[in-house]
Amino acid sequence: MHMELSSNYALPLPENPIIVGFGGAGVDILAAVPSFPIPDSKIRTTHLKVLGGGNTGNALTSAARLGLKPRIISKVANDTQGKAVLEELNADGVDTSYFVVSKEGNSPFTYIIVDSQTKTRTCIHTAGYPPMVPEDLRQINLLSALNGARVVYFDGRMHESALVIAEESFRQKISILIDAERPREGLNDLLILADYVVCSEKFPQAWTEASSIPRALVSIMLRLPGLKFVIATLGKDGCIMLEKCVDGGHQLEEMDVDSSFESLTQRRDDSIAMPTCIASSLTRFRAEGIGSMSGRLYFGTAEKIPLSEVIDTTGAGDAFIGAVLYAICAKLPPEKMLPFASYLAAANCRALGARSGLLYRTDPLLASFTQ
């Protein structure tokens, strides 16, 4: 898709661009190989790259490049990797002044094997040591980090410290977004406080034991009454979002949520390569044996990327979340937010590593998603 747009285009800056993120930030060592190695073999890389990683570090870098002003709370050691993490985040406009830096130990790092044949990535993670604990969080620093923030984002890691930050955010009525990649220790305590949840394809059914993703999303919304929306990302199949809406006392049509989602998917136009969004009307969605709720269901398609252009899917979900953070701050409606986020996730798959393909707010192609 090519558009003739002004070269000085930039995404509009939200009224309040300050966000805070807590979670993983480390170093990724990416090795691209022709195909995944068999055990006890030797293989050569076709490309090697070392750059910043970690869900929170990546998501906030994505948000910073879109014009937000992120502050990150995390922990590294005073080693070569830790210094590189801070330098890279600072260079991208992420405020690292709330990092905890331990004098000894090691910073988090991940070996990533990128299989050029199957377009998959395999991650081997080494956690940072010593781990972050609530005692690392000085109250005065926490209050300073949260001051003026529009949204606080959590990737679900370091749950004890995360809960301290989330509870303070909740007390201050700052919106909370949780990345629910998989069930983790302490995640339930965080989810209870959430306004928004973005989850992986497998999480909804793993957490609720529902028989389908749409039914699981209804279950999540009913279990978490403070939630405004939940999104499940589906990789190349796009994403599905359920938004809570007040019915205003009107008698709404009640529909089975699986049938509703099926009808949305049948309305997609496969001739369109760019991401689109198909929305339901305000409906009372029913999930048999689970319950019902009033809201809107959205099906977001993914960009159709030629396989030859897919380099590495590392960090695609983090790019998506960075875009969602921007959309919340900029008050974009879901019909614009989902294609926008899907487009940024797809762009990131065209480069090696979690941050190499992250777009900047001056990219003219972003205009079509926000105007």
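Between Ile240 and Pro214 the shortest side-chain heavy-atom distance falls below 4.5 Å. In this structure the side chain of Lys69 never reaches within 4.5 angstrom of the side chain of Ile19, judged on heavy atoms. A 4.5 Å side-chain heavy-atom check between Leu264 and Ser280 finds at least one atom pair inside the cut-off. Within the 4.5 Å cutoff, the side chain of Leu48 has no heavy atoms near those of the Leu30 side chain. Residues Val20 and Pro70 fail the side-chain proximity criterion, which asks for heavy atoms closer than 4.5 Å.
Note on ring orientation: taking the six-membered ring where Trp is involved, the planes of Phe340 and Phe369 are tilted (angle from 30° to 60°).
Applying the side-chain hydrogen bond (donor to acceptor under 3.5 Å, both in side chains) criterion to Thr313, with sequence neighbours excluded, gives no partner residue.
Here Ser62 contributes atom OG and Arg355 contributes atom CZ; the two are 10.5 Å apart, rounded to the nearest 0.5 Å. Going from atom CG of Leu51 over to atom CD1 of Ile29 covers 10.5 Å, rounded to the nearest 0.5 Å.
With a 6.0 Å cutoff to the six-membered ring centre and a 45° limit on the axis angle, Arg223 counts as a cation-pi contact of Trp207. For the pair Lys228 and Tyr196, the cation sits on the ring face: its NZ or CZ lies under 6.0 Å from the ring centre, inside 45° of the axis.
For Lys304, the NZ atom sits in a packed shell: over 12 heavy atoms of surrounding residues, nucleotides or ligands are nearer than 6.0 Å. Annotation: Gln172, atom CD; neighbour count of heavy atoms from other residues, nucleotides and ligands within 6.0 Å is above 12.
Residues Lys75 and Asp136 are paired through a salt bridge, judged by an N-O separation under 4.0 Å between the basic side chain and the carboxylate. Checked for salt-bridge contact, Glu303 and Arg350 meet the test: a charged N lies under 4.0 Å from a carboxylate O. Under 4.0 Å is where a charged nitrogen must lie from a carboxylate oxygen, and between Arg268 and Asp270 at least one such pair does. Salt bridge annotation for Glu181-Lys202: absent, with no cationic side-chain nitrogen under 4.0 angstrom from a carboxylate oxygen.
Aromatic pair Tyr153/Phe22: centroids not less than 6.0 angstrom apart.
The list of ring-ring contact (aromatic ring centres under 6.0 Å, His included) pairs with a residue in residues 98-137, not counting sequence neighbours, reads Phe109-Tyr111.
Between the side chains of Thr61 and Asp92, no donor N or O sits under 3.5 Å from an acceptor N or O.
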